[in-house]
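Source: prediction; values computed, not measured. Along the sequence shown, residues are numbered consecutively beginning with 1.
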Amino acid sequence: MTQPSRLRFGHRTIRVDFTSALPADTQGHGDHDAHLIAISSQLDGPDAALTLVHELLHIAIARAGGAAALGIDETTEERIVSILSDALAEAVSRNKAAAEWAVGEMAG
């Protein structure tokens, strides 16, 4: 399947770049203001997909005003995003028919 180059989130289009320009210890980075998710080109398959979901959740928190607006620090945000992205990835990968149904229903 083809890697996404952009996705719609709210009223914005977020560019998705698979790049080697990230630091070696960084799998991905989301930039709400630049409408960008960068994912390490060293990742493939499930790791790249999980990183996309992870960074999208960070952007969702930024849309809500950021960690401070939610009364949490950045370390807590990272833990919450990691827990949620791992749970979503597991639920979707183990329940493909249900995930496809949910996407179809939400897409209208």
Side-chain angles (χ1 to χ4, degrees):
M1 194 168 247
T2 305
Q3 294 174 325
S5 61
R6 62 180 37 95
L7 48 90
R8 294 288 302 155
F9 192 61
H11 66 282
R12 297 178 183 206
T13 298
I14 299 173
R15 193 173 81 245
V16 180
D17 287 342
F18 291 84
T19 179
S20 61
L22 292 172
D25 63 342
T26 302
Q27 293 183 327
H29 176 73
D31 188 327
H32 176 259
D33 296 327
H35 316 295
L36 171 69
I37 292 175
I39 299 174
S40 171
S41 57
Q42 300 298 312
L43 300 177
D44 60 0
D47 291 332
L50 177 60
T51 300
L52 177 67
V53 171
H54 181 99
E55 296 307 329
L56 188 58
L57 289 172
H58 278 298
I59 288 175
I61 289 173
R63 282 182 58 191
L70 297 174
I72 59 175
D73 60 27
E74 290 183 12
T75 300
T76 302
E77 175 185 342
E78 187 61 36
R79 287 196 328 238
I80 290 169
V81 165
S82 292
I83 290 166
L84 292 175
S85 60
D86 288 348
L88 284 168
E90 181 175 354
V92 168
S93 66
R94 290 179 172 229
N95 301 284
K96 187 175 180 180
E100 289 172 349
W101 170 84
V103 168
E105 291 297 312
M106 288 185 276

For the residue pair R8 and T13, establish whether any side-chain heavy-atom pair is separated by less than 4.5 Å.
yes

Under 4.5 Å between any side-chain heavy atoms of L43 and Q27, yes or no?
yes

Here the side chain to side chain donor-acceptor pair (under 3.5 Å) pairs for residues 47-76, sequence neighbours left out, are H54-H58, H54-E78, H54-S85, H58-E77, H58-E78, D73-T76

Could you give the distance from CG (L56) to CG (L88), rounded to the nearest 0.5 Å?
10.0 Å

Could you grab the distance from atom CG of L52 to atom CG of L57, nearest 0.5 Å is fine?
9.5 Å

Please collect all ring pair (Phe, Tyr, Trp, His ring centres under 6.0 Å) contacts where either partner lies in [range], sequence neighbours excluded, each pair once.
range	value
residues 15-47	none
residues 60-106	none
residues 72-99	none

Quickly, which of L7, L36, D31 forms a side chain to side chain contact (heavy atoms under 4.5 Å, CB included) with I14? Name it, please.
L7

With sequence neighbours excluded, residues passing side-chain hydrogen bond (donor to acceptor under 3.5 Å, both in side chains) with D17
R15

Over all heavy atoms of both residues, which pair between [X] and [Y] is shortest? Give the atoms and the distance, please.
X	Y	answer
T19	A38	CG2-CB, 4.1 Å
A48	I39	O-CD1, 3.9 Å
L70	A64	CD2-CB, 4.4 Å
T26	S40	O-CB, 3.9 Å

Set of salt bridge (charged side-chain N to carboxylate O under 4.0 Å, His left out) partners for R94, sequence neighbours left out:
E90

